[in-house]
Amino acid sequence: MMLNYTFHENIDESDSIMLFESISHSSKTTDMKGKFNDVRIISEKISIPKADYNFCRPRLTELLSKQSEQFGNSFILGRAGTGKSTLAIEFAKDYQSVAWFRVDSTDSDWETFSQYLISSCQNALPNLDFGFSNVPSNQSQETKVLKFLEKLFYKLETASQKDRFLIILDDLHNVFDAEWFETFFKGLLSYQFPNVHILLLSRSKPPFPLWRLRSKQQLGFLEESLLLFTGGELEEFLKNEKFSTRKIKQIHKDSYGRISKILEWLDLQFIHKTAG
């Protein structure tokens with residue numbers, strides 16, 4: 001499927017205006033790409049992915065729900081295979097509108113990153129016009145970032161008056177080294193609306209301290225240790241496999257509670273059964 005973004009630019013002495021004109025769909029290809037002001041938009045990056053497994057862990061979704069009531073933003077920290085994205089997918093089910101953006105290292109350019117973020121919001125809220133004025137090119141990078149956030153959240157504040165809205169930035173660690181990232185991150189946390197929540201998923205912490213942001217009640221935090229399966233969760237997850245309690249305890253010990261290791265173990269068991 002192809003998403004085509006077409007823009008008209010009316011250029012005057014001080015500014016350029018981008019208008020979101022159309023989104024056209026084609027079912028002839030599964031490589032959904034579009035063009036957004038000279039940036040190729042790969043739709044898989046702004047679509048909610050399919051979960052690796054279907055299993056709800058109320059312990060974690062309830063924790064995120066409480067954080068969403070207290071903070072506008074939650075930071076989920078965990079290495080690859082610890083279930084960050086799967087948790088976000090489950091949590092997103094409680095929201096009427098969800099914007100998902102899986103960040104790659106190729107998004108370290110601010111223009112690319114910001115246009116992907118707009119695209120993800122437009123994808124989630126197709127009836128809202130996200131076309132707004134560019135910041136003049138002679139402005140500093142910091143000014144561009146802060147003005148962008150101001151205009152984006154002005155739009156989102158309007159949309160969230162009716163429905164709860166969730167933004168998920170997955171693999172955010174890929175742009176930690178970008179020169180604009182700290183300005184973006186701290187600017188993002190300055191916006192707090194009751195019906196707008198932001199999940200930030202990362203394999204590592206940003207290259208600046210988070211304690212001040214957490215102490216100011218701007219950021220909820222969920223560490224990797226909380227993502228690990230408890231013994232009870234693993235027992236519930238494997239209840240249809242008819243394993244003994246002793247076997248489940250051994251799997252939990254060998255996997256350290258990491259879902260990727262648990263799934264690898266189950267795949268190996270399936271292969272052995274098939275071969276036998």
Side-chain angles (χ1 to χ4, degrees), residues 48-103 117 120 124 156 160 164-176 181-182 184-237 252 255-263:
I48 300 176
K50 183 179 179 181
D52 291 332
Y53 59 94
N54 295 315
F55 181 70
C56 178
R57 291 198 280 170
R59 171 178 65 90
L60 297 179
T61 52
E62 289 173 8
L63 178 59
L64 282 179
S65 293
K66 290 179 181 179
Q67 287 190 2
S68 68
E69 294 172 1
Q70 186 177 2
F71 311 103
N73 310 267
S74 293
F75 193 99
I76 303 179
L77 175 66
R79 288 169 291 175
T82 50
K84 302 183 300 298
S85 298
T86 303
L87 173 59
I89 292 168
E90 185 65 31
F91 181 66
K93 293 178 181 178
D94 289 334
Y95 284 78
Q96 288 84 6
S97 301
V98 179
W100 190 291
F101 173 20
R102 178 175 55 80
V103 182
L117 182 52
S120 66
L156 295 181
S160 65
R164 298 171 71 227
F165 185 67
L166 179 66
I167 297 176
I168 300 172
L169 300 181
D170 195 4
D171 286 341
L172 194 59
H173 56 273
N174 282 318
V175 291
F176 280 178
F181 179 76
E182 185 171 355
F184 169 79
F185 187 87
K186 293 180 178 179
L188 189 72
L189 268 55
S190 67
Y191 291 92
Q192 305 279 333
F193 299 122
N195 286 334
V196 178
H197 193 67
I198 301 170
L199 288 186
L200 308 169
L201 280 53
S202 176
R203 297 181 186 179
S204 59
K205 292 181 181 179
F208 46 82
L210 295 177
W211 66 267
R212 188 183 302 274
L213 300 171
R214 296 172 67 180
S215 66
K216 289 183 177 181
Q217 303 288 298
Q218 290 181 302
L219 182 67
F221 199 77
L222 202 158
E223 298 185 72
E224 180 178 308
S225 60
L226 291 173
L227 296 174
L228 302 179
F229 270 59
T230 64
E233 287 173 337
L234 182 58
E235 185 174 359
E236 179 66 19
F237 183 62
H252 189 259
S255 66
Y256 301 99
R258 290 181 65 181
I259 184 58
S260 60
K261 297 297 183 182
I262 295 169
L263 294 177

Novice: Quick check for you: to the nearest 0.5 Å, what is the distance between Q70 atom CD and L219 atom CG?
Specialist: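 One finds 11.0 Å between CD of Q70 and CG of L219.
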
Novice: Sequence neighbours excluded, which residues qualify as salt bridge (charged side-chain N to carboxylate O under 4.0 Å, His left out) partners of E182?
Specialist: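 Residues passing salt bridge (charged side-chain N to carboxylate O under 4.0 Å, His left out) with E182: K186.
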
Novice: For the CG atom of L201 and the CG atom of D171, what is their distance to the nearest 0.5 Å?
Specialist: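 Reported value, rounded in 0.5 Å steps: 7.5 Å.
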
Novice: Does E90 have any salt bridge (charged side-chain N to carboxylate O under 4.0 Å, His left out) partners at least two apart in sequence or in another chain, and if so, which?
Specialist: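 With sequence neighbours excluded, E90 shows a salt bridge (charged side-chain N to carboxylate O under 4.0 Å, His left out) to K93, given in chain and number order.
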
Novice: Verify the distance criterion only: is there a donor paired with an acceptor across the side chains of D52 and T86 at less than 3.5 Å?
Specialist: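 D52 vs T86: no donor-acceptor pair found between side chains.
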
Novice: Would a 4.5 Å heavy-atom cut-off, applied to side chains only, mark I168 and Y95 as touching?
Specialist: no

Novice: For K84 and L200, indicate whether the former's side chain and the latter's backbone hold a donor-acceptor pair under 3.5 Å.
Specialist: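 Not confirmed, K84 side chain does not pair with L200 backbone.
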
Novice: Quick check: closest heavy atoms across L189 and Q218, and the distance to 0.1 Å?
Specialist: O-NE2, 3.6 Å

Novice: Using the side-chain contact (heavy atoms from CB on, under 4.5 Å) definition, which of the options L228, I262, L234 pairs with H252?
Specialist: L234

Novice: What pair of heavy atoms forms the shortest contact from A92 to V98, and how long is it?
Specialist: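 Closest approach of A92 to V98, heavy atoms only: O-CG2, 3.7 Å.
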
Novice: Which residues satisfy the ring-ring contact (aromatic ring centres under 6.0 Å, His included) test with F185, sequence neighbours excluded?
Specialist: F181, F208

Novice: Classify the ring geometry of Y53 against F237: parallel below 30°, tilted from 30° to 60°, perpendicular beyond 60°.
Specialist: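 Perpendicular, since the angle between the ring planes exceeds 60°.
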
Novice: To the nearest 0.5 angstrom, please state how far the OG atom of S160 sits from the CD atom of Q96.
Specialist: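 Rounded to the nearest 0.5 Å, the OG-CD separation comes out at 11.0 Å.
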
Novice: Passes side-chain contact (heavy atoms from CB on, under 4.5 Å), Y191 versus V196? Steps please.
Specialist: CA-CA 9 Å; Y191 291 92; V196 178; over 6 Å; no

Novice: List the atom of Q192, the atom of G72, and the distance in Å for their closest heavy-atom pair.
Specialist: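 So the minimum-distance heavy-atom pair works out to OE1-N, 2.7 Å.
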
Novice: Counting distance only, does the side-chain N/O of R258 pair as donor-acceptor with the main-chain N or O of A80 below 3.5 Å?
Specialist: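 Confirmed, R258 side chain pairs with A80 backbone.
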
Novice: Quick one: closest heavy-atom pair of I259 and G81, and the distance?
Specialist: CG2-O, 3.2 Å

Novice: Donor-acceptor pair, R59 side chain versus L226 backbone, under 3.5 Å?
Specialist: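 Side chain of R59 to backbone of L226: a pair is present.
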
Novice: Could you give me the CA-CA distance, side-chain angles and deciding distance for R57 and L87, then say whether side-chain contact (heavy atoms from CB on, under 4.5 Å) is met?
Specialist: CA-CA 8 Å; R57 291 198 280 170; L87 173 59; 5.8 Å; no

Novice: Look only at the side chain of H173 and the backbone of S204, and say whether a donor-acceptor pair between them is shorter than 3.5 Å.
Specialist: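 Not a single qualifying donor-acceptor pair exists.
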
Novice: Under the side-chain contact (heavy atoms from CB on, under 4.5 Å) criterion, do F91 and I76 qualify, and how do the steps go?
Specialist: CA-CA 12 Å; F91 181 66; I76 303 179; over 6 Å; no

Novice: What distance do T61 atom OG1 and K66 atom NZ have between them, rounded to the nearest 0.5 Å?
Specialist: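 Reported to 0.5 Å precision, the distance equals 10.5 Å.
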
Novice: Do L166 and D94 have side chains that get closer than 4.5 Å, going by heavy atoms?
Specialist: no

Novice: Return yes if a side-chain donor-acceptor contact under 3.5 Å exists between E224 and T82, otherwise no.
Specialist: no

Novice: Would you please name every residue forming a side-chain contact (heavy atoms from CB on, under 4.5 Å) with P49, sequence neighbours left out?
Specialist: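 P49 satisfies side-chain contact (heavy atoms from CB on, under 4.5 Å) with I89, W100 once adjacent residues are dropped.
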
Novice: Looking only at non-hydrogen atoms, find the nearest pair between Q67 and L222 and report the distance.
Specialist: NE2-N, 4.4 Å

Novice: Determine which pairs satisfy ring pair (Phe, Tyr, Trp, His ring centres under 6.0 Å) with at least one residue from residues 58-82, sequence neighbours left out, and list them in order.
Specialist: F75-F221

Novice: Between D170 and S85, what is the shortest heavy-atom contact and its length?
Specialist: OD2-OG, 2.8 Å

Novice: Restricting to ring-ring contact (aromatic ring centres under 6.0 Å, His included), what partner residues turn up for F193, sequence neighbours left out?
Specialist: none

Novice: Less than 4.5 Å apart, any side-chain heavy atom of S255 and any of F229?
Specialist: no

